[in-house]
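Everything below concerns the one structure shown next.
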Amino acid sequence: MTEKKRLPRLFYVFLGIATLTLLTGFTIGALTLGGFGSSPRQASAQVVIPGPPAGLTFPLAEAVFVTASSSPAVGACAASNLGTQLAPTPLVNGKNTTICLATVTDGFALGDTAYILDLEWNKTAAISTTFEVQVFISASPSSNDVLVTSFVNTTATITTEEIATFAIDLTAADDSGVTGFNVLVTQLATPP
């Protein structure tokens with residue numbers, strides 16, 4: 001019988017270390033060479049909403065019949081008065097100011113059904129200030145939905161309240177009713 005030559009243990013230890021080194025190097029090389037190459041363009045922004053404008057309330061939303069003394073009254077909304085940012089509709093201290101969400105030839109007729117949304121600025125509201133009011137009314141049929149942006153301005157002195165009555169004539173628009181609404185009010189400018 002022939003005797004096999006045995007390799008020293010040190011040879012096996014070096015062989016194991018070499019194998020581990022080779023595998024580790026291959027893994028690191030694969031991760032380095034085949035790594036991520038994505039560099040997407042990104043931007044982000046965040047803001048803290050400071051809260052609602054002071055002194056603003058939403059006291060009323062309802063359907064009413066148009067009369068000679070109602071708000072809106074007979075003949076109202078023959079012309080638009082939504083205002084613009086540079087020329088907002090002025091509110092009147094202690095009174096309702098009708099803001100027309102849509103105009104009607106010859107204005108609202110006696111007995112028409114109008115839908116109104118009242119926004120009230122009380123004496124804690126910012127004076128001489130412009131507000132952007134966005135109104136969405138979901139009507140029936142939905143093809144008659146209304147989305148309008150209006151601008152109003154408070155007076156220099158609010159002693160009681162100033163009310164903007166946003167109105168639409170449902171009868172003139174052939175609407176059978178209102179299914180919902182959204183109102184967003186943004187305070188744009190306060191005098192120094």
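The chain is numbered in sequence order, starting from 1. These values consider heavy atoms only, across backbone and side chains, with no hydrogens, waters or symmetry-generated copies.
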The reported gap from CG in Leu101 to CG in Leu82 (rounded to nearest 0.5 angstrom) is 7.0 Å

Tightest non-hydrogen contact, residues Ala109 and Asp169, listed as N-OD2, 4.2 Å

Item to complete: Determine, stepwise, if the pair Leu119 / Phe131 fulfils side chain to side chain contact (heavy atoms under 4.5 Å, CB included).
Response: CA-CA 11 Å; Leu119 277 65; Phe131 294 86; over 6 Å; no

Q: For the residue pair Ile137 and Leu117, establish whether any side-chain heavy-atom pair is separated by less than 4.5 Å.
A: yes

Residues 144-154 vs side chain to side chain donor-acceptor pair (under 3.5 Å), sequence neighbours excluded, gives Thr130-Asn153, Asn144-Asp175

Check your understanding: Around Phe58, counting heavy atoms of other residues, nucleotides and ligands shown, do more than 12 lie under 6.0 Å from its CZ?
Key -> yes

Correct closest heavy-atom pair for Thr124 and Asn122 would be OG1-OD1, 2.6 Å

Contacts of Ser140 meeting side chain to side chain donor-acceptor pair (under 3.5 Å) (sequence neighbours excluded), chain-then-number -> Ser176

Sequence neighbours excluded, the answer for side chain to side chain contact (heavy atoms under 4.5 Å, CB included) partners of Leu86 is Thr84

Minimal heavy-atom distance between Ala68 and Ala73, with the atoms involved, is O-CB, 3.5 Å

Those residues at least two apart in sequence (or on a different chain) that pass side chain to side chain donor-acceptor pair (under 3.5 Å) with Thr57 are none

Quiz item: Transitively linked via ILVMFWY side-chain contacts under 4.5 Å: Val148 with Val183?
Solution: yes

For Gly111 and Phe65 the tightest heavy-atom approach is O-CD2, 3.6 Å

Rounded to the nearest 0.5 angstrom, the OG1-CG distance for Thr97 and Leu91 is 5.0 Å

So disulfide (SG to SG under 2.5 Å) across residues 79-146, not counting sequence neighbours, yields Cys77-Cys100

Thr159 meets the side chain to side chain contact (heavy atoms under 4.5 Å, CB included) criterion, sequence neighbours left out, with Asn93, Thr157

Quick note, disulfide (SG to SG under 2.5 Å) partners involving residues 112-148, not counting sequence neighbours, are none

Rounding to 0.5 Å, atoms CD (Glu132) and CG (Leu184) come to a distance of 7.5 Å

The complete set of side chain to side chain donor-acceptor pair (under 3.5 Å) pairs with one or both residues in residues 99-121, sequence neighbours excluded, reads Asp118-Thr165

In short, Ala156 meets Ile127 closest at the heavy-atom pair O-CD1, 3.1 Å

Val146 side chain near Val135 side chain, heavy-atom distance below 4.5 Å: no

The complete set of side chain to side chain donor-acceptor pair (under 3.5 Å) pairs with one or both residues in residues 42-51, sequence neighbours excluded, reads none

For residues 105-136, the disulfide (SG to SG under 2.5 Å) pairs (sequence neighbours left out) are none

On a heavy-atom basis, the closest approach of Gln187 and Pro53 is OE1-CB, 3.6 Å

Sorted by chain and number, sequence neighbours left out, side chain to side chain donor-acceptor pair (under 3.5 Å) with Ser69 holds for none

Identify whether Phe166 and Leu170 are in the same connected component of the hydrophobic contact network (ILVMFWY, side-chain heavy atoms under 4.5 Å). yes

The reported gap from OG1 in Thr160 to CD1 in Ile158 (rounded to nearest 0.5 angstrom) is 9.0 Å

Note: with side-chain heavy atoms under 4.5 Å as the link, the other cluster members for Leu110 come out as Val66, Val74, Val104, Phe108

